[in-house]
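Written below as C-alpha cells is the structure these notes are about.
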Amino acid sequence: MMKAIKLRDDVYWVGGIDWNIRNFHGYLTQRGTTYNAYLIIDDTITLLDTVKHYLKDEMFERISDVVDPSKIDLIISNHVEMDHSGCLPAVMEIAGNPPVITSPNGEKGLKLHYKNEWDFRVVKSGDRINIGRRNLDFLLTPMVHWPDNMVAYCGEEKILFSNDAFGQHMATSERFDFEYHYDMVIEEAKKYYANIVLPYSSQVKKALDGVSGLDIEIIAPSHGIMWKERRKEILEKYREWSSNETENKALIVYDTMWDSTEKIAFAIYRGFQNRGVQTKLINLKNSHISDIMTDMLTAKYICIGSPTLNMNLLPTVAGFLSYFRGLAPKNRIGLAFGSYGWSPKNIEYIEEVLGSCKFEILESIKFQYIPDKAFLTEVTEKIEKIV
Ligand code: FEO
C-alpha cells in the first residue's frame, strides 16, 4: 500500500507521484512531477486539494493509510486546474459531498469544469475556518497561476499550503528539501517559475507581501518537494525572480538554414566573451524552449536569430517566440539577427516580439546570403562596444 507521509502529527502528504510525465502543456518535465494533496486529521477531517485524475488510486491508498476516505468532512480547493482538482468528483462521491472551501473564482471555475452544484463555501483573503484544534486562514493569490488560486495557512502547525507557488516539477520519493539535492531542487524551482509563474510576477509580489508576516516553518506547494530548511531561500528567490532582476549574462538563441545565421551567432558570442559576459549559445534544433526560459530568467541580453524562410521565420524560432511572448519577460536588452536572401522579414518578426516585451532593442544585425569575415569581425566589435 502507498503510504501517507507525515509532515506533523496528524498532518500528512497524500499526493501522487507522476514518474513518467515528460510534457506538461509544452514544458519539458524531464524529472516528472508530483501532485501534492494534504490531509489534516482534526475534528473536521480536511483534505487540501487532490491529484491528477490518473493518480486517483494512489491518492486514495495514501489517504486510506491514515483514515477511511469516506470520513473526509471538508475539502479545500486552492486551485481549479485539473492537476489539483481532477479527483474532486471521486472524493465527493466517496465522502458523500462534503463542503468545498474555495475562492470566488474557484467556485465559478469548479462549476464550469465539473457541472455540479456542490456545497461550495466561498472564502476571501483574511477569512478563517476552524477545523478543531487548528484553524486555516486564506489568502487569495489570483493569477499565481489562474484567477482562482489561493493559499491556506495553518498557524498552529506553521504550514503554508502554497498551491502552485514555490512548486517544482520533480518526481521523487523524498518529500522535503533537506532530503534531496538542493541545487537540483532550486534549478527545478527556477524552471517552474520561468515557465509557469513569470507572466504573473506583479501578482507574485503581492502574494509575497501577503505571507510576509506569517510564521512559516514548512512551505507545502502542490508540486514537488516541500521547503523546510531552505524555506527562507525560496522566498528570497521568488522576490528576486518576480523583480525581473538580471545578471550580466547573454543568451544567443537561434536556428540556421545554411549556417549563415549561425556564423553571425558565433560572432555575437565572441563579442560578449571578449567583454567577459557570461554567454550561452543555444541552437533551437537541439534545445527545449522550456529549458531556454530557465536560462532567460536571469539573462540581461536576449539575442534571437533566424534566417528568413518563405517571408517568415524558421518554425523553431517562430515557436520559441510565441512561447516567449506569452511568458512576457521584462526589463532586458534585445537584439534581432540573421541572414536573408531577398527579404529581411526575419528581423521584423523578431523585433516585433522583443518590442511586445518592451525590451530596449539594439540595432539589428542582418546580412544578405553569406556573411564574410570582415562583416563578422564588425559584428564582434559592435557587441564589444555595446557591452
Ligand atoms: Fe499545478 Fe496551475 O496547476
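Position 1 is the first residue of the sequence, and the numbers go up from there. Since we're looking at a predicted model, the values are computed, not measured. Counting starts at 1 for both ligands and their atoms, following the listed order.
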Completion exercise
The complete set of side chain to side chain donor-acceptor pair (under 3.5 Å) pairs with one or both residues in residues 377-387, sequence neighbours excluded, reads Asn274-Glu384

Problem - Residue pairs fulfilling side chain to side chain donor-acceptor pair (under 3.5 Å) with at least one residue in residues 167-189, sequence neighbours excluded - result: Arg31-Glu188, Thr33-His169, Tyr182-Glu233

Handout entry: Side-chain ion pair, Glu348 and Lys366, N-O less than 4.0 Å
Key = no

Problem - Lys191 side-chain N/O to Leu28 backbone N/O, donor-acceptor pair under 3.5 Å - result: yes

Problem - Pairing residues for Arg128 by the side-chain hydrogen bond (donor to acceptor under 3.5 Å, both in side chains) criterion, not counting sequence neighbours - result: Asp137

Exercise for the section: If the plane angle is over 60° it's perpendicular, under 30° parallel, otherwise tilted; pick one for His145 and His25. Expected result: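 Tilted.
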
Practice task
Can you check the number of protein N/O/S atoms within less than 2.8 Å of atom 2 (Fe) of ligand 1?
Solution key: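 Those protein atoms number 4 in total.
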
